[in-house]
Structure formats: C-alpha cells, structure tokens
Q: 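Before anything else, here's the structure in question.
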Amino acid sequence: MKLQQFKESSPICESTPKIIAVDTETTGLRWSQDDYPFGISVAWYSNGKVETDWFEWNVDPNTRRVLYTDISIQFRDWYTNPEIDKIFANAKFDMHMLEKAFRIKPIGNVYDVLNAAWCCNTQENSYGLNNLAEKYLKIDQSETKILRDKVNKARNYCRSQYKHYKLGAGIGEDYWLLKCLDPTDNSCEIYGRKDAVRTLRLWREWYEEALKVLDVRETFETEMSTMMVIYEMENRGIRFFDVEAKDAVEELNQQLALRMLAIKTELQDPFLNINSDGQLRKHLYKKGQSLVHINRLPLPITKLTAKEKKPATDTTTLKQFDNVKVVKDILEYRGITKGKDALLNFQNHICSDAFSSAYDFPWVHAQKSIHANFNQISSQFDKENKTKTGRLTSSNPNLQNIADIAKSGGYFVVDTRKFFGPRRGYVWYCIDYSQLELRLFAERTGGKLKEAFLKGRDPHNETRENVPFLAAMEEGKGRKIAKNTNFTIINCGGAGVLAEKYGVPLHEGKIVVSQFKEEFKETVRRQKQAENYALKYGYIKTIFGRKVNVDLTRDKNGRFLYAYRATSYDIQGSASDIIKRAMVQTNSRLGYLRRKKKIDAHLILSIHDELIFEIKKEHCFK
DNA sequence: AGTTCACTCTC
DNA sequence: CAAGAGAGTGAACTT
C-alpha cells in the first residue's frame, strides 16, 4: 500500500495557531507516582513555518523533585483553548503529566500521532516517534543520540563524583541531569523541541491525510474518544488494600520457606533454584539424579517443550504426578511464589494519591490506589508487534490478568484479586457481556447458531443437541464440551486444542469437531469467506469497518501459515470495537450524570468483555 | 546489556 | 491443516 506524499499546505497563523503539538520531558514514566515533567515543548505553524517554544524547570538532584516556578500563560491559554487542536505522541502520558503538575486538561480536539499510525495499519518496524518521523519525514535522530550519550556520561560521572545524587533507573529518567550539571547545556531542549516538531509534522504532513486516504479516519476518531475515556479511567485508578497485602506477603513468605526446605531436602540439593525449570528438569526426569527413591523419580516424560523439545515442567504436566510429595511441594511453591510476586509488583505501583486531581474529597486520599495504564496500541512503542485485533491491554501493573481463584486452573492459586475493591462509601458495578464473541460469530455465520440466539436459547445447549456425539452424553458433561467446542471453533482450533486445553480425548474431539462442522456448515462457510477476503486484501474488516491485518506469510511449500486466523481476528476485533463504543457511551452518560445530577460514578476497569464502575453507595438500588 | 525460552496469569 | 489476543517474570544464553 503506497501513500501519496502529502503536499505541504501553508497554514496561516494569526495570533493563535489552529494546531499545536505538545511534548513533555519527565523524570520518569511513573505518572501516578513520583515522576514529574520538567520540560514542555510546543510546536505550531506560523505563516507556513514551524515555530517552537520550550519551558523548563530545574530538578533537585538529591530528591529528583522538579522545582516549579510558574507555567507560561500563553501555553496555558493555548492548551485550554477549544479552538486549538492538540497533537501528541502518546497523548495520555503527556496529559497525565501536565494535569498532575499544573492541573490543566486539554480542551478541544486531542489527536495522537502514534495512535494514528496504528490506525493506518501500515506495518512499521517501530511505532516510536523517532522512527516514524525518520521514515515519513526524513528527520534524522542525531540529537537523540547526542542527548543519550551525554546523559550516559553524566550519569557515570555522578556515580563517582556526586554519590548523593538520586539517579533514575535508566538513561531516559535522567535527561534533566545535563542542565543540572551545566546550566548552559541545551541538548535536552534541542531534543524536546525536535520531538514536538516531529509530532506536529507527522500529523500535518502525513497522518491527517493518510487517515483519509486509507479510509480509517472514523476508526481513528473512535480511538480518540476511547482514549479520553481511558484517560479518566487511569486517573481514577482502583483501590488497593495495601496493609492487608503486606500482611499476606509475610504469610506467604513463611509458607515458601517451609516448602523450599522440604524440596531441597527431598531432592538432596541445597543449592537448587526451584524457579529454574532447567534444574528441575534434571532432578525430575534424569535417572540417577535424585537418590531419594521414595520420590519415585525420575518421572515418565509425557510432554516436551515447544521449541527445544525438552521434557516439560509446567504445572499441567506435573499435576499428573502430585501424588509424589516433592512434585506436590514444587507445585505449591510455584503457586505461592506467583502470588507473592504479584503482590510485590502491585506494591511497586501504589499511589499515595496526595497529588491526584481525580479526587474531589480529601478523605479519599487516605486510601491507596493503583493507576494502571490501559493501552490502545501496546504497552511498548518501540516494537514491531502492536495489538493486533484492537483489544485494550493493561500494564504497570497488568490489571487484566489478576488470578481468579474461582476460575483458575492453577494448582495452588493465591487470591490476589481480593486486595482490590471499592473505595470507602462506594460499590462496584460489574457488567459483562453475555457470550459477546459467540454472539458475533453467530451474527457472522447466520444459520442455526444465530437462530438459537434470536430465540433466546442457550447456544451451548444448541451445539450439544446438534452434535450427535454430545447429545448422546450426560447433559452436563455434553454441554461443557459443547461450550469449549464453540469457543475453540471461533478461534479456528481443532481436536488438538480440545484435548490439550480441556482434556477431551483426541479421538472423541475429532468426532465432535467433524460433527459440528457437518451440522453447522455455515460456520465453515463463513470461516472460508473471511479467509478469502484476507487473502485478497491482506486484512479483514470488523463489523464497524476497522481493518485488522492478516499475516499472509507462506511456508516453504507455498501454503499460507496464518490466513486461517482471519475469522478469529474478525470476531475478536469486532468485540473490541463494541467494548470501546460501550466505554465511550457509558462514560458520556456518566459525565452528564456527574455534572447535572451530582451522581458520583466512574468507569474504573475494562477487561475485554467486562466493565467495572465505581458508584457512590447512596445512588444504588436498595 | 540484550535476546530467547519456559512458564503463568487473563479474556 | 492450524485456538486467538495479551503482560510479565526469571533463567540461561550471547555480545
């Protein structure tokens, strides 16, 4: 897909510009904790020429605190002027930083060039600002290299000469250091101004046009609306019971110590690292490694690892042998370690909230909260692989994969979910879609499955009744396999998946899948249809017309390796479209209720087909 | 210091 | 003829 180079127009800049690009330089990435912006760069067009401005504050090297004086009145005016469009690269981050430091939010249109790049669906090697600007605007990255080299040297210098300086964890956290050591050093300013220019020009000279040419402007607008909702959600955060978590960690540590001693004794290896699957493999599978015959080692090899084809030591495999004491201990050790690490990780993200403008009431500050990031592109910008289907991801910490003891298939799962909960005086409203993906699949296939939904019948029972092999089974068991089959079929899986993930014997799974495809011919037809579309265009379109790329790599025999995934992308992508729209619409309604009806309610979490709201108790139904 | 692999948790 | 999408960790390896 080739883009026409956008011909640069001559924007007219009277006293105030129509668009500005904004970039912040900060003391780190933890916007909800103790990192702050120390520099702001702005770029705009004036009579067709790019102009920039730069504001900077000193950073106390002993505390890393930014020594704020004042903020430019002109910047404040522009930032809050609804007539001026604001362009960012990774907008939420800069918005968080600016709100936190100066209590200002952008008013008017907010656009994110990195998100625009993602919407354009051109597969980039990197979605970082520098790389995009180099590729599309031929802007070199020399100043970045100079800055990083200088900062690297400065950090080393401080490590020996100014040991009391509080340096950051990485180079990126110490850009302020240059000015601190040498007030005449303006490398950071040059870098900052250039980043704002990159952002502005990428928008104006490339993506604004590209979105139109590639017919994804609507997709982009939805993403921007979603982004503003996510911004508020991140700002609100989620309550974390820090004291209880701390106690739990101590308890888990004691549990760990017991099992560690037992395992090391049982395997007669005082230096064993139980976290090392390599070391465990030797003990569990190699003859003569462990002398303690009561452990009945070595274990029979029942599964090999995917890449290296070594005997697997994962929980599902070892579970078969939990009648062997040391195996049981190892599984428990793993479960506890996982839970403990999760809690420690949450603790690293605890926010003291004293600064947060998300709270109107001072007593709320006494509670601890965690403000995870919710990402529309990916948690990392410098990598090739971005979110494929449009689902949101969560990071720092990931709140979308917190263990659920009610559902988990793990062996010894610590309930870490219970350390999150509603703030005092609030309740949670958890809303989740019923069979969102299966519904979409039924909509796409039509036929019996769609009919079942329309008539309000249970789709899993529909499958059970229509697949003779399942119909002949005991009802509860049949429905369970039917449910897993439905899910497996959506994602283009087969009998192998049913066997490995759900324990359905392979020969039975084969019968079930073939009978399903016989009875629900329309599903096969739809899958073929999606695949053919992907083969023709290189992408599929979701129900809202958003494009999702399909990898058309071939194997050495010329066969497409991943084209079969087209229908799975269609379903997952469409589902994410729906949840994003739900977020935008519910939040818009909540915004109205907050303003006009003094209803205190907020969206705080989005987990794929689930939205969680925090609502003041008195507003709720009795 | 950076990469790959095995592993584990989610929807 | 194939389950998909993610974040994150630690170990063991290479540079």
Side-chain angles (χ1 to χ4, degrees), chain A residues 152 170-171 273-281 303-318 331 334-335 337-342 344-346 348 372-375 377-380 383 385-405 407-414 416-417 432-433 435-437 441 484-502 509-510 513 527 531 548 550-551 555 557 559-573 575-576 579 605-610:
Chain A
N152 194 23
I171 292 179
N273 181 351
I274 304 166
N275 296 322
S276 161
D277 53 296
Q279 292 181 33
L280 278 186
R281 187 170 294 120
K303 194 190 155 197
L304 299 176
T305 60
K307 288 266 165 66
E308 307 276 336
K309 307 294 176 201
K310 293 172 183 166
T313 60
D314 63 284
T315 299
T316 315
T317 305
L318 292 186
L331 291 174
R334 275 203 189 143
T337 306
K338 179 88 181 163
K340 192 194 88 171
D341 288 350
L344 290 178
N345 186 33
F346 292 144
N348 291 334
N373 293 321
F374 287 85
N375 321 295
I377 302 176
S378 163
S379 64
Q380 290 179 308
K383 288 199 175 166
N385 295 331
K386 301 289 100 177
T387 56
K388 261 195 159 63
T389 61
R391 274 186 170 188
L392 299 181
T393 74
S394 169
S395 58
N396 296 99
N398 183 351
L399 294 181
Q400 290 177 328
N401 71 345
I402 301 173
D404 184 346
I405 50 164
K407 294 179 192 162
S408 178
Y411 188 84
F412 200 90
V413 183
V414 178
T416 47
R417 208 171 261 220
D432 65 288
Y433 278 85
Q435 312 290 351
L436 177 54
E437 298 200 343
F441 190 60
N484 294 335
T485 306
N486 281 341
F487 198 55
T488 303
I489 293 286
I490 289 176
N491 287 315
C492 322
V497 179
L498 286 174
E500 193 173 322
K501 290 266 178 182
Y502 305 110
K510 278 181 179 166
V513 170
Q527 287 181 326
E531 190 176 332
V548 178
V550 178
D551 187 345
D555 67 10
N557 298 320
R559 278 191 297 239
F560 294 100
L561 282 166
Y562 312 109
Y564 72 93
R565 294 176 182 172
T567 181
S568 169
Y569 293 169
D570 176 34
I571 302 306
Q572 203 180 108
S576 79
I579 203 77
L605 209 55
S606 164
I607 316 180
H608 310 309
D609 66 344
E610 201 178 330

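Letters A, B, ... are given to chains in the order of the sequence lines, protein chains preceding strands, and every chain is numbered from 1.
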Q: Taking NZ from A:Lys501 and P from C:dA2, how many angstroms apart are they, rounded to a whole number?
A: 16 Å
Q: Roughly how many Å is it from CG in A:Asn491 to C1' in C:dC1, rounded to a whole number?
A: 16 Å
Q: Looking only at side-chain N and O atoms, does A:Thr389 come under 4.0 Å of OP1 or OP2 in C:dA5?
A: no
Q: Mind checking A:Tyr411 for me? I need base, sugar-phosphate or nothing, with any heavy atom below 4.0 Å counting as a touch.
A: nothing
Q: Looking at the base of C:dG6, is there any donor atom on it, or on the side chain of A:Gln400, that sits under 3.5 Å from an acceptor on the other one?
A: no
Q: Show me the side-chain donor-acceptor pairs of residues 491-498 of chain A shorter than 3.5 Å, one per line, residues at least two apart or across chains.
A:
from, atom 1, to, atom 2, distance (Å)
A:Asn491, OD1, A:Ser568, OG, 3.1

Q: Enumerate, in order of first residue number, the stems that involve DNA chain C, defined as 3 or more consecutive Watson-Crick or G-U wobble pairs with both distances under 3.5 Å.
A: B:1-11 with C:4-14
Q: Taking atom C1' of C:dA7 as reference, at what distance in whole Å does atom CG of A:Asn373 sit?
A: 12 Å
Q: Run the side-chain hydrogen bond (donor to acceptor under 3.5 Å, both in side chains) check on A:Asn375 and A:Ser395 step by step: do they pass?
A: CA-CA 8 Å; A:Asn375 321 295; A:Ser395 58; 3.1 Å; yes
Q: Walk along DNA chain B from 5' to 3' and tell me the first and last nucleotide with an atom closer than 4.0 Å to a non-hydrogen atom of chain A.
A: B:dC5 to B:dC11
Q: State whether A:Arg391 places a side-chain N or O below 4.0 Å from either non-bridging phosphate oxygen (OP1 or OP2) of C:dA5.
A: no
Q: What is the distance from NZ of A:Lys383 to C1' of C:dG6, rounded to the nearest Å?
A: 13 Å
Q: I want to verify a distance call: between C:dT9, C:dG4, C:dA7, whose nearest atom is closest to the A:Asn345 side chain?
A: C:dT9
Q: Taking any heavy-atom pair under 4.0 Å as a contact, classify A:Ser576: base, sugar-phosphate, or nothing.
A: nothing
Q: Name the nucleic acid region contacted by A:Arg559, choosing base, sugar-phosphate or nothing; use a 4.0 angstrom heavy-atom cut-off, strictly under.
A: nothing
Q: Counting C-beta onward and ignoring hydrogens, is there a side-chain heavy-atom pair between A:Gln527 and A:Ile489 closer than 4.5 Å?
A: yes
Q: Let's see if you can work this out: which of C:dA3, C:dG4, C:dG8 has an atom nearest to the side-chain heavy atoms of A:Val497?
A: C:dA3
Q: Can you tell which of C:dG6, C:dA12, C:dA3 lies closest to the side chain of A:Asn401?
A: C:dG6
